[in-house]
Amino acid sequence: FIGVHEKARGGIVVFTNPGTTPCYRCVMKERYSAQIEPETLNLPGAHGSVADVALIDAIALKVAVSLLEQGQDSDFATFLDGVQERTQIVVRAHPAYRWGELDLFDFMLKDLPAEEAAFLRQSAFHSCDTLWLPTDRDNECPDCAHLFDGADQ
């Protein structure tokens, strides 16, 4: 799933690998529920720069090729091995992008001393960033719970 948000200032990429990672229904509970009740689904089109959309798409392409090459001796397969269950990717193409009400990039700096966080904010972080967030599976999920029966959950 690729979502482009806020004039393509950022977006989200969500992927699943059946039997290995949680399914779309587990990861995107709110969005899945909104599809069941269409009147709650309000998704205006996100017009934006083709360069910013391409950045979000490039992340999705890397994941897609990695999924296709899993189990092979390739850089893409090795990349996927390192991702593990971090299947929700927030992509920031513009420094003003916020994912909902939260600036996840500032959130990542919250435990640093204020001076170090300010330095990173001003000197290192700007845009073209990604955060790879871990996702939880729902042990009662009607779509994928049967794939994990007996597995460590």
Side-chain angles (χ1 to χ4, degrees), residues 1-112 116-138 141-144 147:
F1 169 82
I2 304 169
V4 177
H5 305 149
E6 210 183 304
K7 299 181 183 175
R9 289 180 175 174
I12 187 168
V13 176
V14 175
F15 72 94
T16 63
N17 191 0
T20 304
T21 67
C23 72
Y24 178 81
R25 185 179 193 158
C26 289
V27 176
M28 302 294 284
K29 288 179 178 116
E30 295 83 16
R31 189 167 174 79
Y32 188 87
S33 297
Q35 291 175 353
I36 294 170
E37 301 172 25
E39 64 277 0
T40 65
L41 189 61
N42 181 12
L43 299 174
H47 302 282
S49 160
V50 70
D52 294 333
V53 172
L55 173 67
I56 298 164
D57 286 346
I59 300 299
L61 176 61
K62 183 160 185 128
V63 168
V65 173
S66 297
L67 286 166
L68 291 171
E69 290 197 0
Q70 62 185 324
Q72 297 182 31
D73 183 20
S74 72
D75 284 343
F76 282 104
T78 303
F79 174 80
L80 185 65
D81 290 342
V83 171
Q84 299 173 353
E85 287 196 7
R86 293 178 286 162
T87 64
Q88 186 167 283
I89 309 150
V90 179
V91 183
R92 179 171 70 166
H94 188 281
Y97 174 62
R98 301 291 179 270
W99 189 41
E101 299 298 317
L102 183 62
D103 182 341
L104 284 176
F105 298 88
D106 276 351
F107 182 77
M108 298 300 292
L109 302 174
K110 73 178 177 57
D111 291 332
L112 291 177
E116 289 178 35
F119 171 78
L120 287 173
R121 224 177 266 111
Q122 294 169 358
S123 304
F125 290 164
H126 183 66
S127 64
C128 301
D129 303 314
T130 58
L131 291 175
W132 297 65
L133 305 175
T135 52
D136 296 320
R137 68 177 158 249
D138 177 356
C141 177
D143 291 339
C144 74
L147 297 173

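Everything quoted here is computed from the prediction, not taken from an experiment.
- Heavy-atom neighbours of Phe107 CZ from other residues, nucleotides or ligands within 6.0 Å: at or below the threshold of 12.
- By the 6.0 Å contact criterion, CG on Asp75 is open, its count of non-hydrogen atoms from other residues, nucleotides or ligands being 12 or less.
- For the side chain to side chain contact (heavy atoms under 4.5 Å, CB included) with Trp132, the lone residue among Ile59, Val13, Thr87 that qualifies is Ile59.
- Between Pro134 and Glu85, every side-chain heavy-atom pair lies at or beyond the 4.5 Å cut-off.
- Ion pairing between a basic and an acidic side chain is recognised when a charged N comes within 4.0 Å of a carboxylate O; Arg98 and Glu6 show no such pairing.
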For this session: Evaluate the criterion side-chain contact (heavy atoms from CB on, under 4.5 Å) for residue pair Thr135 and Thr21; output intermediate values, then yes/no.
Result: CA-CA 8 Å; Thr135 52; Thr21 67; 5.6 Å; no
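- Summarising the geometry, atom CD1 belonging to Ile56 is positioned 14.0 Å from atom CG belonging to Leu61; distances are rounded to the nearest 0.5 Å.
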For this session: Give the intermediate values and the outcome of side-chain contact (heavy atoms from CB on, under 4.5 Å) for residues Phe1 and Val27.
Result: CA-CA 11 Å; Phe1 169 82; Val27 176; over 6 Å; no
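- The two residues Gln72 and Ala77 have their closest heavy-atom pair at O-CB, 3.2 Å.
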Exercise. Going through the distances and angles, do Val65 and Phe79 end up as a side-chain contact (heavy atoms from CB on, under 4.5 Å)?
Worked result: CA-CA 10 Å; Val65 173; Phe79 174 80; over 6 Å; no
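- The side chain to side chain contact (heavy atoms under 4.5 Å, CB included) test with Ile89 singles out one residue from Val63, Leu133, Ile2, and that residue is Val63.
- Atom CG of residue Asp143 and atom CZ of residue Arg25 lie 4.5 Å apart, to the nearest 0.5 angstrom.
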For this session: Evaluate the side-chain contact (heavy atoms from CB on, under 4.5 Å) criterion for residues Met108 and Phe125: first the C-alpha distance (whole Å), next the side-chain angles of each, then the deciding distance (0.1 Å), finally the verdict.
Result: CA-CA 11 Å; Met108 298 300 292; Phe125 290 164; 5.5 Å; no
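- Across all non-hydrogen atoms, the minimal contact from Cys26 to Cys144 is SG-SG, 3.6 Å.
- Judged purely by atom type and a 3.5 angstrom limit, Ser66 uses its side chain to pair as donor or acceptor with the backbone of Phe76.
- Taken to the nearest 0.5 Å, the NE2 atom of His126 stands 14.5 Å off from the CZ atom of Arg121.
- Separating the CD atom in Glu69 from the OG1 atom in Thr78 is a distance of 9.5 Å, to the nearest 0.5 Å.
- Between the CZ atom of Arg137 and the OG1 atom of Thr20 there is a distance of 9.5 Å, given to the nearest 0.5 Å.
- You'll find the side chain of Asp52 stays beyond 4.5 Å of the side chain of Tyr97, heavy atoms only.
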